[in-house]
Amino acid sequence: MAKIPVIMDLDTGLDDAMALLLASRSDAIDIKAITTVFGNQSVDKTCENTLKLCELLGIDAPVAKGARKGFLTKEIDYSTGLEMMVHGADGLGNKGDLLPAPVKKPDDLTAVDLMAKVLKESDEKVVILATAPLTNIATFILAYPELREKVRCIAFMGGAMYGGNIKPTVEANIGHDIEAATVVINSDIPKVMFPLDATMKVFMTKEERLAMKDTGKIGTFLAEAIQCYEEIYDRLAGIPGAVLHDSIPTAWLIDESVVKLEDYNVQIELNGELTRGCTVTDTARRFGGELNCKVAVDADREKIIKMHFDALNK
Ligand code: BDR
Ligand code: CA
């Protein structure tokens, strides 16, 4: 089977790390480039984390640095706040120092220019797999409109049909750059959204996490790193395991059957005093509007967790 060319856009991040594991070991995905953005940590840190993980996982794709803040927002202070609590002060569960400093350097191109280069050079359409705030992707759409036909789809982890995780109705990747998310949703590139409604179903239990250690060096590092993530989901949400949001779109690219998709009209709320950043989804398909987005409404926890073990045992 021919591999799908993919650009990954990450804010690495613990679940981004698990997504990288899946992508790097898959026979279905050809990672053409990795671009990084602020989100779970500063872009300097998410880029460094990505480089470290590329060396751990043997990924030789170029890695570029992208946006350090959202279109209209200030840079986040990472010395306090939810991001630090969820992903650790280094974005890798305070275990990043277990990995050597990366030898690999970031690409000379910016994230957006690297995306453009990959698309220009590709004979086939390329999937953009985004598991982070959508700032790089929106900037690319605005800067290179002529290349949008080279994008097969934008598969992004973000949003929520019901509920949120940084506000009652707002998910982090959308909430960190609401204007960028609006540019993406309004673009005519095919879109597949993987919201919390599906991703929250895929958690790795403590027993499963510890079993990763039996698979070797990579599994041992990941098991150590995501321990704090497991604890925070238990404490904040009462979920018995580490929620692997960013693995879901990645798993879908490898095996479509692990996720259930439905077509909906999705719009980003820009004005609501309490709801700005909500991905308003017309789940009843009653209120008009183009069906502009495929939306993951369910995900198969068992199969997706098994995919991580298959990847580790490869
Ligand atoms: C998303 O936000 C980040 O914390 C995770 O890496 C994931 O991409 C979940 O809301
Ligand atoms: Ca992420």
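Note that ligands are numbered from 1 as they come in the structure, with each ligand's atoms numbered from 1 the same way. Computed over heavy atoms, backbone and side chain alike; hydrogens, waters and symmetry mates excluded.
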Where does the angle between the aromatic ring planes of H87 and Y229 fall among parallel (under 30°), tilted (30 to 60°) and perpendicular (over 60°)? tilted
So [Y] and [X], do their side chains get closer than 4.5 Å, heavy atoms only?
X    : Y    : value
E230 : D234 : no
L10  : V37  : no
F71  : L142 : yes

Check the pair T281 / Y162 against side chain to side chain donor-acceptor pair (under 3.5 Å), numbers first and verdict last. CA-CA 9 Å; T281 307; Y162 304 101; over 6 Å; no
Between the protein and ligand 1, which nitrogen or oxygen pairs come in under 3.5 Å, and how far apart is each?
unit_1, atom_1, unit_2, atom_2, d
ligand 1, 2 (O), N173, OD1, 3.4
ligand 1, 4 (O), N40, OD1, 2.7
ligand 1, 4 (O), H87, NE2, 3.0
ligand 1, 6 (O), D15, OD1, 2.5
ligand 1, 6 (O), D15, OD2, 3.2
ligand 1, 6 (O), D16, OD1, 3.1
ligand 1, 6 (O), N40, ND2, 2.9
ligand 1, 6 (O), D246, OD2, 3.1
ligand 1, 8 (O), T131, O, 3.2
ligand 1, 8 (O), N173, ND2, 3.0
ligand 1, 8 (O), D246, OD1, 2.6
ligand 1, 8 (O), D246, OD2, 3.1
ligand 1, 10 (O), N165, ND2, 2.8
ligand 1, 10 (O), E171, OE2, 2.4

Within a distance under 3.0 Å of the Ca ion (ligand 2), the protein atoms of type N, O or S are D11 OD1, D16 OD1, D16 OD2, T131 O, D246 OD2
Check G175 against V170 and note the closest heavy-atom contact, atom names and distance. CA-CG1, 3.6 Å
From L312 CG over to M307 CE, what is the distance, rounded to the nearest 0.5 angstrom? 12.5 Å
NZ/K117 to CD1/I7 distance, rounded to the nearest 0.5 angstrom? 11.0 Å
Heavy-atom donor-acceptor pair, K260 side chain to V297 backbone, under 3.5 Å: no
